[in-house]
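If you're wondering where the values come from, they're calculated on a predicted model, not measured in any experiment.
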Amino acid sequence: LLEICGAQDQFAPTHGRAFPSTEGIVRYDFDRSLCVIRKAFVTVAIDGLNDAIRYDILDVSMMSWHEDFATFKSRIRMLEVKLCSFVTEAFDSAPDLTSRVELLQLLFANIARRDTIKRAVETHASHTYSMFADELHEIKRQFDVNRQNPPIQSEHSRAFGAVHWASKLLSRLENDFAVLRGAFADGELPRLPEIVDLHSVYDMTVPQIESFINEKYQDWISTMSKMDVSDRLETNLLEINDDGFYDVLYAADVETACQDARGFASMAREVPDHVRDIAFGSINTTHGELRGRLLELVDRHNVLLRGMHS
């Protein structure tokens, strides 16, 4: 009787613990697979048992009881194999790490009841944790290799570019691990040694990247504190190069500071007031317009000079 009840709890739970819908949790046809298992249990194990047995199933003195019980257990093992196969198919269809974690939550917290199914879930959990470990180690490798000379996008300065690069690594790491850490904290994932080690490496890596970001930001703040914007805007605007053409010297470092300020502000970082005024205030519009007009004027002048020389 315990064997029958245990099998029903696994393959065809009552309304008190029905299979939860996987809609919105996983994006493949695992719901259908669970319905197949449920119907197979009722048809093969229960209905088949009722049709074959003409005696009280608790009467172990009947000559055929042991044979019938062995047949029932054989059918249950077949259902276990089939359910494990469905579980494997679901994990193979998972499009990303987050989907794998959501599927693990569903299986571990709501579906796996028999030891065979629990072991199958733990196997897939171990594989999933390994995939997270690979992603974590790759992000850590990229950070360690490039932290001294970060790959900076061409449109960014060295100051903000380094912070932007590290922030992307940090966001990638936090986004990947958010669901995993939340589910683990809620006790909805198998507690295997792999995930404990994974959390240790994660907890060591995140502060390193955050420290790098804060250090680069503070270096920029220190540089900005030494910059006199008004003085920089009063420097010579033009110079004649060795070829006799004009070059614009219109406070290029101020323009870079403005770009950095807008970048740091987009990351919710504080910007010094004297830089904020020129990056976001009315001075910024004037500065930009004058610089654009000057560049256009110098370009036209140099074109005329080249034409005269030719």
Test log, rule side-chain contact (heavy atoms from CB on, under 4.5 Å), inputs Asp197 and Tyr129: CA-CA 10 Å; Asp197 295 340; Tyr129 299 160; over 6 Å; no

Close side-chain approach of [X] to [Y], heavy-atom, < 4.5 Å:
X: Val275; Y: Cys258; answer: no
X: Pro150; Y: Phe212; answer: yes
X: Tyr217; Y: Met267; answer: no
X: Leu173; Y: Glu135; answer: no
X: Phe132; Y: Arg100; answer: no
X: Ile111; Y: Leu34; answer: yes

Please name the pair of heavy atoms, one in [X] and one in [Y], separated by the smallest distance, quoted to 0.1 Å.
X: Ile209; Y: Ala166; answer: CG2-O, 3.6 Å
X: Val101; Y: Ala183; answer: CG1-CB, 4.2 Å
X: Gly161; Y: Ile152; answer: CA-CG2, 3.6 Å
X: Leu192; Y: Glu122; answer: CD1-O, 3.6 Å
X: Ala133; Y: Leu198; answer: CA-CD1, 3.4 Å
X: Ile221; Y: Glu270; answer: CD1-O, 4.0 Å

Do other residues, nucleotides or ligands put more than 12 heavy atoms under 6.0 Å from the [atom1] atom of [X]?
X: Asp203; atom1: CG; answer: yes
X: Glu155; atom1: CD; answer: yes
X: Arg172; atom1: CZ; answer: yes

So which of Lys140, Gln142, Gln148 actually passes side-chain hydrogen bond (donor to acceptor under 3.5 Å, both in side chains) with Asp144? Lys140

The single option from Arg114, Arg119, Lys73 passing salt bridge (Lys or Arg N to Asp or Glu O under 4.0 Å) against Glu80: Arg114

Would you kindly confirm whether [X] and [Y] end up in one hydrophobic cluster when ILVMFWY residues are joined by side chain heavy atoms under 4.5 Å apart?
X: Ile240; Y: Leu295; result: yes
X: Ile117; Y: Met78; result: no
X: Val81; Y: Leu107; result: no

Given 3.5 Å as the limit, does a donor-acceptor pair link the side chain of [X] with the main chain of [Y], or not?
X: His274; Y: Met224; result: yes
X: Asp186; Y: Glu188; result: no
X: His199; Y: Ile195; result: yes
X: Arg262; Y: Ala279; result: yes
X: Ser211; Y: Pro207; result: no
X: Ser130; Y: Ser126; result: yes
X: Ser171; Y: Lys168; result: no
X: Ser222; Y: Gln218; result: no

How many angstroms lie between [atom1] in [X] and [atom2] in [Y], if you round to the nearest 0.5 Å?
X: Glu102; Y: Leu180; atom1: CD; atom2: CG; result: 11.5 Å
X: Leu83; Y: Ile37; atom1: CG; atom2: CD1; result: 5.0 Å
X: Thr116; Y: Ile76; atom1: OG1; atom2: CD1; result: 11.0 Å
X: Leu104; Y: Phe91; atom1: CG; atom2: CZ; result: 4.0 Å
X: Glu215; Y: Ile213; atom1: CD; atom2: CD1; result: 11.5 Å
X: Leu189; Y: Phe108; atom1: CG; atom2: CZ; result: 7.5 Å

Is it true that Ser99 and Asp96 share a donor-acceptor pair across their side chains at a distance under 3.5 Å?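 Result is yes, a qualifying pair exists.
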
Could you go through the side-chain contact (heavy atoms from CB on, under 4.5 Å) check for Trp165 and Phe143 one step at a time? CA-CA 9 Å; Trp165 164 76; Phe143 176 71; 3.8 Å; yes

Just to verify, what does Val36 make a side-chain contact (heavy atoms from CB on, under 4.5 Å) with, not counting sequence neighbours? Arg32, Phe86

Cation-pi check, Arg306 onto Phe245 ring (under 6.0 Å, within 45° of axis):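 Verdict for Phe245: a cation-pi partner in Arg306.
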
For Leu136 and Met131: C-alpha separation, side-chain torsions, deciding distance, then whether side-chain contact (heavy atoms from CB on, under 4.5 Å) applies. CA-CA 9 Å; Leu136 172 57; Met131 295 172 68; over 6 Å; no

Does the gap between the ring centers of Trp220 and Phe160 come in under 6.0 Å?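 Between Phe160 and Trp220, which both carry aromatic rings, the centre distance is not below 6.0 Å.
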
Run the numbers on Asn146 and Arg141 for side chain to side chain donor-acceptor pair (under 3.5 Å), then give the verdict. CA-CA 8 Å; Asn146 296 302; Arg141 185 196 67 79; over 6 Å; no

After noting the C-alpha distance and the side-chain angles of Leu297 and Arg293, does the key distance pass the side-chain contact (heavy atoms from CB on, under 4.5 Å) rule? CA-CA 6 Å; Leu297 179 63; Arg293 289 166 61 185; over 6 Å; no

Under a 4.0 Å N-O cut-off, is there an ion pair linking Glu296 with Arg300?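 Yes, Glu296 and Arg300 are salt-bridged.
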
